[in-house]
Amino acid sequence: MKKNVSKIRVIYADTDAMGIVYHTNYIKWFEIGRTELLRDLGIYYAVFESRGYNLPLTKAYCHYLWPARYDQVLLIETEIEYVKRASIKFNSQIWDEKQTLKLVEGYTLHACTNSGGKIVRIPQDVADLIHQSEK
């Protein structure tokens with residue numbers, strides 16, 4: 001499937017007193033990668049929500065390999081592992097700027113729900129856009 005690579009710079013607010021990125025920020029960066037990947041596929045999350053759908057997080061996994069530090073430029077690589085009837089799994093890797101050192105790897109799993117919170121099938125046009133990226 002199609003991959004997206006997003007570039008960010010670690011800001012001071014993302015670090016602890018030692019200048020090392022606080023662990024929960026990686027999940028936030030997974031979201032940046034996920035949102036940009038969907039945008040690349042023509043799926044704009046604001047439009048998705050305006051249609052009455054959401055993709056709440058149901059599971060997150062993050063394996064910390066190396067620390068990121070203040071002012072470091074990072075690359076967030078994101079791809080869709082699978083799309084099922086009512087869920088999507090995104091794999092993420094966070095690299096140094098030259099993509100020579102993998103700092104973090106993980107995934108997030110999301111259910112598709114309606115505005116009332118009920119699990120529903122992923123809209124067919126959205127599933128089609130994702131599956132087209134496989135070609």
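Sequential numbering from 1 along the given sequence is applied to the chain's residues.
Side chains of Met18 and Arg69 form no contact here, defined as non-hydrogen atoms less than 4.5 Å apart. Residues Leu74 and Trp95 are not in side-chain contact: their nearest non-hydrogen atoms beyond the backbone lie 4.5 Å or more apart. Looking at Thr15 and Ile20, their side chains never come closer than 4.5 Å, going by heavy atoms from C-beta outward. With contacts defined as side-chain heavy-atom distances shorter than 4.5 Å, the pair Ile43/Ile130 qualifies. The shortest distance between side-chain heavy atoms of Pro123 and Arg51 falls below 4.5 Å. Taking the side chain as every heavy atom from C-beta outward, Lys2 and Leu41 approach each other to under 4.5 Å. Residues Val73 and Ile8 fail the side-chain proximity criterion, which asks for heavy atoms closer than 4.5 Å. For the pair Ser6 and Leu75, the minimum side-chain heavy-atom distance is 4.5 Å or more.
Taking both residues in full, the closest heavy atoms of Ala68 and Leu103 are given as CB-CD1, 3.9 Å, listed atom of the first, atom of the second, then distance. Here the closest non-hydrogen pair linking Thr108 and Ala60 is CG2-CB, 4.3 Å. Closest heavy-atom contact between Ile122 and Ser87: CD1-O, 3.5 Å. Heavy atoms only, all atoms of each residue included: Tyr26 and Ile94 are closest at CD2-CD1, 3.6 Å.
Checking side-chain atoms of Arg9 against main-chain N and O of Asp71 turns up a donor-acceptor pair under 3.5 Å. A donor-acceptor pair under 3.5 Å is absent between the side-chain atoms of Asn54 and the main chain of Pro56, judged by distance alone.
Distance CZ/Arg34 to OG/Ser92: 7.5 Å, rounded to 0.5 Å. Atom-to-atom distance recorded for Glu36:CD and Ile76:CD1 is 9.0 Å, nearest 0.5 angstrom. In this structure, CG on Leu109 lies 9.5 Å from CD1 on Ile88, to the nearest 0.5 angstrom. With rounding to the nearest 0.5 Å, the separation of CG in Asn91 from CD in Glu105 is 9.5 Å. A distance of 9.5 Å separates CG of Asn4 from CG of Leu38, quoted to the nearest 0.5 Å. Gln72 CD to Glu97 CD: the interatomic distance, rounded to the nearest 0.5 Å, is 9.0 Å.
Atom CG of Leu65 has more than 12 neighbouring heavy atoms from other residues, nucleotides or ligands inside a 6.0 Å radius.
Ion pairing of Asp14 with Lys28 is present here, as a side-chain N (NZ or NE/NH1/NH2) and a carboxylate O approach within less than 4.0 Å.
Leu129 and Ile80 end up in the same hydrophobic cluster when Ile, Leu, Val, Met, Phe, Trp and Tyr side chains are linked at under 4.5 Å. Hydrophobic clustering (side-chain heavy atoms under 4.5 Å, transitive across Ile, Leu, Val, Met, Phe, Trp, Tyr) groups Phe48 together with Leu37. Cluster membership check: Ile32 shares its hydrophobic cluster with Tyr64, using side-chain heavy-atom separations under 4.5 Å among Ile, Leu, Val, Met, Phe, Trp and Tyr. A continuous path of ILVMFWY side-chain contacts below 4.5 Å connects Val126 to Tyr53, so both sit in one hydrophobic cluster.
Counting only N and O atoms by type, the side chains of Gln124 and Asp128 include a donor and acceptor under 3.5 Å apart.
Using cut-offs of 30° and 60° for the angle between ring planes, the Tyr61 and His63 rings count as tilted.
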Subject >> side chain to side chain contact (heavy atoms under 4.5 Å, CB included) between Trp66 and Val104, worked out >> reply: CA-CA 7 Å; Trp66 293 96; Val104 170; over 6 Å; no
**OP:** Could you walk me through whether Lys89 and Lys84 pass side chain to side chain contact (heavy atoms under 4.5 Å, CB included), step by step?
**Re:** CA-CA 9 Å; Lys89 184 177 181 184; Lys84 293 188 177 178; over 6 Å; no
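Of the candidates Glu81, Lys59, Glu79, Gln93, Lys59 is the only one forming a side chain to side chain contact (heavy atoms under 4.5 Å, CB included) with Tyr107. Screening Ile119, Thr58, Leu55 against Thr113 for a side chain to side chain contact (heavy atoms under 4.5 Å, CB included) leaves a single residue, Ile119.
Aromatic pair Phe90/Phe30: centroids not less than 6.0 angstrom apart.
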